[in-house]
Amino acid sequence: MTANKRGKRRWGEKAVQVLLTGAASTCILIVVLIFLFNAKEAAPFAAEPGLGALAAQRWSPVSFQEQVFGLLPLVTGSLLVTILATIIAVPFGVCGAVYLSEIAADPERAFFKPFIELLAGIPSVVIGFFGLIVIAPRLKSLFGLNSGLVALTGAIVLALMAVPTIVTISEDAIRSVPESYKQASLALGASRVQTIWKVIVPAALSGIVAAVMLGIGRVVGETMAVMMVTGNAALVTLSPFESVRTMTATIAGEMGEVAFGSAHYRALFWVGIVLLLFTFVLNIAAQRVLAKYRMFRA
Amino acid sequence: MAGGKTGAWSMLAVVLFAAAFAGCSRGNKGAGGADKSIIQIKGSDTMVHLASSWAEEFMKENKGVQTAVTGGGSGTGIAALINGTTDICASSRDIKPEEIEQAKAKGVEPKEFTVARDGIAIVINPQSPIEDLTTEQLRQIYTGEATNWNQVGGPDAKITVLSRESSSGTYVFFQEHVLDKQDYAASVRLMPATSGIIQSVSQDEWAVGYVGLGYAEQAGGKVKVLRVDGVEANEANVLDGSYPIARPLHLYTNGEPQGNVKKFVDFCLGEKGQAIVREQGYVTLK
């Protein structure tokens with residue numbers, strides 16, 4: 001009888017295990033399917049007009065002369081906006097998290113926290129509209145530009161969207177640093193500022209790096225807001241005061257019109273693949289940083 | 001005018017809402033839409049105001065028939081017609097031969113109805129001293145041969161060139177007829193919507209952009225409309241052909257329209273429909 005019962009339990013356990021494994025594998029399956037779908041739609045481009053076409057210096061897909069599908073301007077555009085947005089968002093995000101977790105009194109925290117979470121919930125098209133109407137004209141007069149529709153405007157708009165992510169996750173990380181670290185540091189005579197920057201923040205660094213990476217992830221993939229404010233001119237530039245065209249905006253702007261199965265259609269899938277690789281590399285880099293950091297701690 | 005427009009928009013919202021629900025229960029019934037009570041119209045952003053005004057009047061006359069109007073660009077509308085997700089496609093450019101081929105491969109026979117004409121207005125900031133450009137100068141500006149206003153008879157200031165996205169029918173029309181089929185310069189800023197062009201031009205004193213004439217008139221004093229080749233952009237000049245940048249606006253249906261879809265197309269071509277064309281700042285056929 002006991003053997004029978006044990007057998008039943010083993011079956012039950014197995015069923016649950018299979019179920020859980022299945023649920024976990026769904027994510028992997030979806031990622032693999034997305035890669036496969038992208039690859040399938042993009043593949044015929046390699047035969048006609050050939051992958052070399054992607055190395056051209058211009059992106060000019062609608063033309064009576066010659067269609068050119070150079071990815072360079074789109075890649076530099078995405079990179080430029082992402083890097084600028086990160087430079088803007090990280091100091092604000094990390095300092096905000098330090099303030100909320102270490103300096104702010106409870107009522108202050110109770111006041112700030114909902115606003116930061118609210119910022120995370122604002123739809124990107126609304127933030128984009130804000131960028132177009134409010135930020136762009138101010139940047140234009142501040143820097144004496146010809147037009148406010150430049151990479152920097154896009155970066156500021158994106159930083160607005162990344163800051164809540166960075167603040168919320170960094171704050172959790174800083175809070176989870178054991179209280180004993182802080183007590184030990186203060187007992188050894190370190191000031192509060194020294195304790196924060198020399199002890200607590202380094203101890204929470206893995207969480208902060210993860211927060212920044214997630215923030216960058218949002219920035220790289222963001223489409224609508226950036227499409228509204230960067231001007232979308234496919235220039236190869238490193239200047240924050242020039243218009244740029246990001247990969248996401250290109251896909252969003254052109255996929256609706258493109259003739260199904262045309263070279264232009266395939267090229268857009270190549271843009272998608274490059275974008276995927278972008279986030280892939282970003283994630284791997286984040287893991288590396290984390291692994292290295294953990295090694296030091298051990 | 002303003003009251004009427006708000007009415008049109010709220011009506012549109014109601015219709016879209018109703019269509020979203022009704023769409024669940026009623027399937028599409030064959031090509032041409034024999035007894036459809038919901039008509040889908042999709043396509044050109046230039047024609048969105050026009051199509052929703054038509055839809056509003058049409059629904060007043062034909063109780064029980066609902067129309068849903070969506071924009072997205074002429075190419076989007078034609079793709080929707082080919083894929084069978086719209087009954088009528090509104091397009092501000094002619095359908096391309098490739099698109100006709102694709103449609104035929106899917107058993108769709110696009111039929112063209114020219115319903116109005118539209119002038120493309122060249123807009124600049126009201127503070128700019130420029131009043132007049134030639135089509136040749138426009139070509140130079142948009143292909144990047146001229147990058148400073150002093151190259152086209154203006155003061156010494158860099159030109160901010162604005163265009164629609166490449167999914168726009170206006171983009172392709174402008175490229176074909178003004179740029180003489182040459183490529184746009186890489187530095188041309190591509191705006192995802194006409195409203196973005198108006199917005200940027202109204203903020204930037206050295207910007208130039210192009211929008212549908214109807215749209216420019218509705219924007220009022222926010223932008224200044226230039227003369228092209230010395231001809232003012234207005235209805236009379238588009239009609240008699242003296243204004244150089246004008247084009248026909250089309251509706252496309254799958255095959256010969258039937259039932260309510262036919263009623264709608266007839267309505268647009270009829271006296272009332274053409275009166276709405278005039279009201280909206282476009283140019284009638286006659």
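Numbers restart at 1 for each chain; the letters A, B, ... are given by sequence-line order, proteins then strands.
Annotation: residues 123-143 of chain A contacts chain B through A:Leu132, A:Ile133, A:Pro137, A:Lys140 [non-hydrogen atoms, separation under 4.5 Å].
A:Ser147 touches chain B through backbone and side chain together, each having a heavy atom under 4.5 Å away. For B:Tyr171, the part lying under 4.5 angstrom from a heavy atom of chain A is the side chain only. Using a 4.5 Å cut-off between heavy atoms, B:Gln102 touches chain A through its side chain atoms alone. With a 4.5 angstrom heavy-atom cutoff, B:Glu98 does not touch chain A via any of its atoms. For chain A, the nearby part of B:Ile159 is the backbone; its heavy atoms alone come within less than 4.5 Å.
With respect to chain A, the highest number of heavy-atom pairs below 4.5 Å among B:Ala207, B:Ser187, B:Gly77, B:Gly196 belongs to B:Ser187. Highest contact tally toward chain A, considering only B:Ala193, B:Ala185, B:Ala186, is held by B:Ala186 [criterion: heavy-atom pairs under 4.5 Å].
Between the A:Asn232 side chain and the A:Met227 main chain, a donor and an acceptor come within less than 3.5 Å of each other. For B:Lys222 (side chain) and B:Ile198 (main-chain N/O), no donor-acceptor pair under 3.5 Å exists by modelled atom type. Side chain of B:Ser44 to backbone of B:Gly73: no donor-acceptor contact under 3.5 angstrom is found. A side-chain donor-acceptor contact under 3.5 Å links B:Asn83 to the backbone of B:Ala79. With hydrogens and angles ignored, the 3.5 Å screen pairs a side-chain donor or acceptor of B:Trp149 with a backbone N or O of B:Trp206.
The closest side-chain donor-acceptor pair between A:Thr248 and A:Thr246 falls under 3.5 angstrom. A donor atom on one side chain and an acceptor atom on the other are not found under 3.5 Å apart for A:His264 and A:Gln67.
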- Please assess B:Met47 against B:Val115 for the test side-chain contact (heavy atoms from CB on, under 4.5 Å), listing each intermediate value before the final yes or no. CA-CA 11 Å; B:Met47 292 169 74; B:Val115 285; 4.1 Å; yes
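For the atom pair CZ (B:Arg189) and CD1 (B:Ile197), the distance works out to 12.5 Å, reported to the nearest 0.5 Å.
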